[in-house]
2 protein chains.
Amino acid sequence: MGCDVMNPTFGFVTNQLKKHNIRLSNRRLKVLEYLCNNQNHPTVDQIYVNLHKDVPTLSKTTIYNTLHTLVEVGLVRVINIEDNETRYDILTEDHGHFKCDSCGKIFNFNVDLDSFTTYELSGFRIMDRNLYFKGICQRCLLNINKNY
Amino acid sequence: MGCDVMNPTFGFVTNQLKKHNIRLSNRRLKVLEYLCNNQNHPTVDQIYVNLHKDVPTLSKTTIYNTLHTLVEVGLVRVINIEDNETRYDILTEDHGHFKCDSCGKIFNFNVDLDSFTTYELSGFRIMDRNLYFKGICQRCLLNINKNY
DNA sequence: ATAAATAATTGTAATGATTACAATTATATT
DNA sequence: AATATAATTGTAATCATTACAATTATTTAT
């Protein structure tokens, strides 16, 4: 498993934290570890439910705080696809998302957003680019065809 | 002012409603009128506050219901940029959004999303494509430079 | 046109995610 | 070791959205 930006490991991210002068508390490390090991664009609740098994005293507020800190320094990205569920992504590299309406899974795909430009935005400072699609993933499409 | 898809007028949209067999109630027409006349990607609350002046008995629930109906038949699009504010767009044509972090305004820009494809999503059924940028708009950049 | 059926609208209460804040605990600095 | 600073917690508050039952309006069938 590579220790690069496209697949950030725990070690890579903790180093980044040190660079940004963010204290490596146990709780923060737990959240980071989860994000690295489960690159499934989790919600706060998913993180909470999972970590709560190991660390019963971990609070949701801490997860919110940690994520906000990480987003601030650019180590984590916010994904807004559905209006009622904010998701978090340890992958900050340029890529798009596909959310399956059937199984709910979110897939990454490569796309060169950073180089996109248009005369309509000349004079604008673009700081964040997001592309997401919705639809039905291959697996669900196959299942639907099987059942009908 | 043109009565085409890129700039939908009230007349155009009511015709679309008839096509879809959606009853043209007064409340629905008010909401539609607002969306057509104020193409500023409003939140439910903005719609509510504005229409409430004229129609004091209009409820937020009705606005939600109306918007859901319109989204269902594809006359209105949902915009999820910020996690805490869902916005609605009467422009259903293929385009991107830019949200200014300073003034909060949302700008449209043309981009050919519909033709985008990638081998990673082969076998997927894409039903909805969204692209949004965040940053500082030209006007705010100029103001910042003026003040400092 | 009238009665019955269906759809639209409303208001209230519930839900659920997120935030505010004060109290406590842990870590770093002197 | 004492003090200052940062992290964490729990509770309560906020805010957008939804559920639902009651009411009103509109359509359809007679």
Side-chain angles (χ1 to χ4, degrees), chain A residues 13-14 17-34 41-73 75-89 104, chain B residues 13-14 17-34 41-73 75-89 99 104 106:
Chain A
V13 183
T14 51
L17 282 188
K18 284 178 198 162
K19 274 190 198 165
H20 287 283
N21 270 330
I22 296 174
R23 201 181 290 172
L24 280 69
S25 71
N26 277 334
R27 303 300 156 96
R28 281 184 179 156
L29 293 177
K30 276 284 173 193
V31 173
L32 269 171
E33 195 181 24
Y34 182 85
H41 318 88
T43 61
V44 166
D45 198 63
Q46 279 167 7
I47 300 172
Y48 177 73
V49 168
N50 276 278
L51 293 185
H52 197 258
K53 298 171 196 161
D54 295 343
V55 192
T57 58
L58 178 70
S59 77
K60 258 192 188 178
T61 309
T62 296
I63 298 173
Y64 275 109
N65 289 340
T66 301
L67 289 171
H68 289 165
T69 306
L70 298 175
V71 168
E72 238 169 64
V73 299
L75 277 173
V76 163
R77 280 175 71 105
V78 176
I79 312 181
N80 284 307
I81 296 185
E82 233 58 72
D83 33 337
N84 54 343
E85 54 175 38
T86 303
R87 293 173 173 276
Y88 296 88
D89 195 348
Chain B
V13 181
T14 51
L17 283 188
K18 284 177 198 160
K19 273 190 197 165
H20 286 283
N21 270 329
I22 297 175
R23 201 181 291 173
L24 281 68
S25 70
N26 278 333
R27 303 299 158 101
R28 281 182 179 158
L29 292 178
K30 277 283 173 193
V31 173
L32 268 171
E33 195 182 23
Y34 182 85
H41 319 88
T43 61
V44 166
D45 197 64
Q46 279 166 8
I47 300 173
Y48 176 73
V49 169
N50 276 278
L51 293 184
H52 197 257
K53 298 171 196 161
D54 295 343
V55 193
T57 57
L58 177 69
S59 77
K60 256 190 188 179
T61 309
T62 297
I63 299 174
Y64 276 108
N65 289 340
T66 301
L67 289 171
H68 290 164
T69 307
L70 297 175
V71 168
E72 236 168 66
V73 299
L75 277 172
V76 164
R77 279 174 72 104
V78 176
I79 312 181
N80 284 307
I81 297 185
E82 232 59 70
D83 33 338
N84 53 343
E85 54 175 38
T86 304
R87 294 173 173 277
Y88 296 88
D89 195 348
K99 171 161 184 182
I106 294 179

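Chain letters run A, B, ... following the sequence lines, proteins first, then strands; residues in each count from 1. This one's a predicted model, so the numbers in the text were calculated from it and none came from an experiment.
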CA sep, side-chain torsions, deciding dist, call: A/Val44, A/Thr86, side chain to side chain contact (heavy atoms under 4.5 Å, CB included): CA-CA 8 Å; A/Val44 166; A/Thr86 303; over 6 Å; no
Below 4.0 Å: OP1/OP2 of D/dT17 and any side-chain N or O of B/His68: no
Between C/dT27 (P) and A/Asn21 (CG): distance, integer Å: 17 Å
Earlier contact from the 5' end, DNA chain C, for B/Leu58 and A/Asn84: B/Leu58
Separation of D/dT27 P from B/Ile22 CD1 (nearest whole Å): 14 Å
Interatomic distance, B/Asp45 CG vs D/dC15 P [rounded to whole Å]: 10 Å
Earlier contact from the 5' end, DNA chain D, for B/Val44 and B/Leu24: B/Val44
Sugar-phosphate only, base, or nothing, as touched by A/Thr57 at under 4.0 Å among non-hydrogen atoms: sugar-phosphate
side-chain N/O A/Arg23 vs C/dA26 OP1/OP2, d < 4.0 Å: no
Contact under 4.0 Å: B/Arg28 side-chain N or O vs C/dA7 OP1/OP2: no
N or O in side chain of B/Thr86 less than 4.0 angstrom from D/dT17 OP1/OP2: yes
Integer-rounded Å distance: C/dT27 P and A/Asn26 CG: 7 Å
Touch class at under 4.0 angstrom, heavy-atom based, for B/Asn65 against every strand present: base
Whole-Å gap separating C1' (C/dA17) and CD (A/Glu82): 14 Å
Test item: A/Asp89 side-chain N/O and A/His41 main-chain N/O as donor-acceptor pair under 3.5 Å: no
5'-most by nearest nucleotide on DNA chain C - B/Asp83 or B/Val55: B/Val55
